[in-house]
Amino acid sequence: VTRANRLEPATKEHTERAAKAAAVLRDLAKHNVSVERSSFRLEQSRPPPRPAGQKQAPPEYRAITTFSLKANQLAVLNDVISSIAAAGVFDVRTIRYGIKDEERAIDDARRAAVRNARRQAEVYADAAGVKLGEILEIFDGVAQNLGSEASLRAATPNVQVSPPATIPFRAGINIKWRIVSRP
């Protein structure tokens, strides 16, 4: 974010800072870091009106470039964040953790959901004095990554972030069983 009270200085300084940022990001390729997406926007904020007789404050212009980066090696995350912070042109806001093979994790969550559905159905059947027969119908519920993230508001060089021990996934399933009498 580059701030100035006139448009031209805001964009000129931001262009210089963006060039420095691009060089830092290119250097991070050695850590297998890539830019997933970036965006630019220019904002103008007008100060609130002042009482009569007081000089109106000038508007503020903000040139904002946002980058989303992807790092594939958890072991170098602290070095990457420290490099970004040391550049002096970035604000690190949020770190999101994920896994490469998300489908496998979601499938594991679905298997756990089926086991849990069977356990619950068996408890209900037992309480009702019946037992479960064959499955009549299965339909998928929600299966998703619940996400895991950390927020950084003032990143400084040599930062130490602690990744989560696990990344949670959740799945829900609906199963209908035939109910049969106990022998």
Side-chain angles (χ1 to χ4, degrees), residues 1-50 54-112 140 142-171:
V1 177
T2 306
R3 292 178 169 83
N5 61 2
R6 291 182 324 156
L7 179 60
E8 187 177 326
T11 56
K12 183 177 187 301
E13 183 183 342
H14 193 74
T15 299
E16 294 165 3
R17 294 180 75 215
K20 183 177 179 183
V24 170
L25 296 176
R26 276 191 305 273
D27 190 48
L28 292 177
K30 67 185 176 197
H31 293 298
N32 201 18
V33 173
S34 59
V35 177
E36 285 198 308
R37 63 187 170 276
S38 64
S39 65
F40 171 79
R41 70 182 188 276
L42 189 61
E43 297 177 350
Q44 177 186 7
S45 63
R46 299 209 179 267
R50 299 231 174 158
Q54 288 187 0
K55 185 178 177 182
Q56 182 68 28
E60 179 186 69
Y61 292 90
R62 289 183 304 221
I64 304 165
T65 301
T66 303
F67 298 97
S68 292
L69 308 178
K70 183 176 183 178
N72 289 321
Q73 298 172 341
L74 195 56
V76 298
L77 186 59
N78 287 315
D79 292 339
V80 167
I81 294 170
S82 291
S83 295
I84 290 170
V89 293
F90 297 103
D91 291 328
V92 178
R93 298 298 174 138
T94 304
I95 300 169
R96 289 184 183 87
Y97 299 95
I99 62 170
K100 283 186 179 182
D101 191 358
E102 189 171 280
E103 284 300 314
R104 187 171 131 200
I106 287 175
D107 289 347
D108 288 346
R110 287 178 172 132
R111 286 181 187 92
D140 201 9
V142 176
Q144 67 189 57
N145 177 344
L146 296 178
S148 186
E149 64 181 45
S151 294
L152 300 175
R153 291 294 174 224
T156 57
N158 302 315
V159 70
Q160 294 295 311
V161 293
S162 299
T166 61
I167 297 175
F169 285 79
R170 174 179 60 195

When you look at N145 and I106, which way does the side-chain contact (heavy atoms from CB on, under 4.5 Å) test go after all the steps?
CA-CA 7 Å; N145 177 344; I106 287 175; 5.6 Å; no
Working for side-chain contact (heavy atoms from CB on, under 4.5 Å), residues V76 and V33
CA-CA 10 Å; V76 298; V33 173; 5.7 Å; no
Does atom CZ (R62) have a neighbourhood of more than 12 heavy atoms from anything else shown, all under 6.0 Å?
yes
Atom CD of E36: over 12 foreign heavy atoms under 6.0 Å:
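Buried by this count: over 12 neighbours within 6.0 Å.
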Worked check of side-chain contact (heavy atoms from CB on, under 4.5 Å) between F90 and L25
CA-CA 11 Å; F90 297 103; L25 296 176; 4.0 Å; yes
Start with the C-alpha gap between K70 and N72, add the side-chain angles, then the distance that decides, and say whether side-chain contact (heavy atoms from CB on, under 4.5 Å) holds.
CA-CA 6 Å; K70 183 176 183 178; N72 289 321; 3.4 Å; yes
Provide the full list of salt bridge (Lys or Arg N to Asp or Glu O under 4.0 Å) pairs with a residue in residues 20-29, sequence neighbours left out, each pair given once.
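For residues 20-29: D27-K30.
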Distance-only donor-acceptor check, side chains E60 and N5, under 3.5 Å
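On atom types as modelled, these side chains do not qualify, holding no pair under 3.5 Å.
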Considering the options T65, I64, V89, which one meets the side-chain contact (heavy atoms from CB on, under 4.5 Å) requirement together with H14?
T65
Salt bridge (charged side-chain N to carboxylate O under 4.0 Å, His left out) partners of R104, counting only residues at least two apart
none
Would you mind reporting whether V35 and S68 have side-chain heavy atoms less than 4.5 Å apart?
no
R46 side chain to P58 backbone, donor-acceptor under 3.5 Å
no
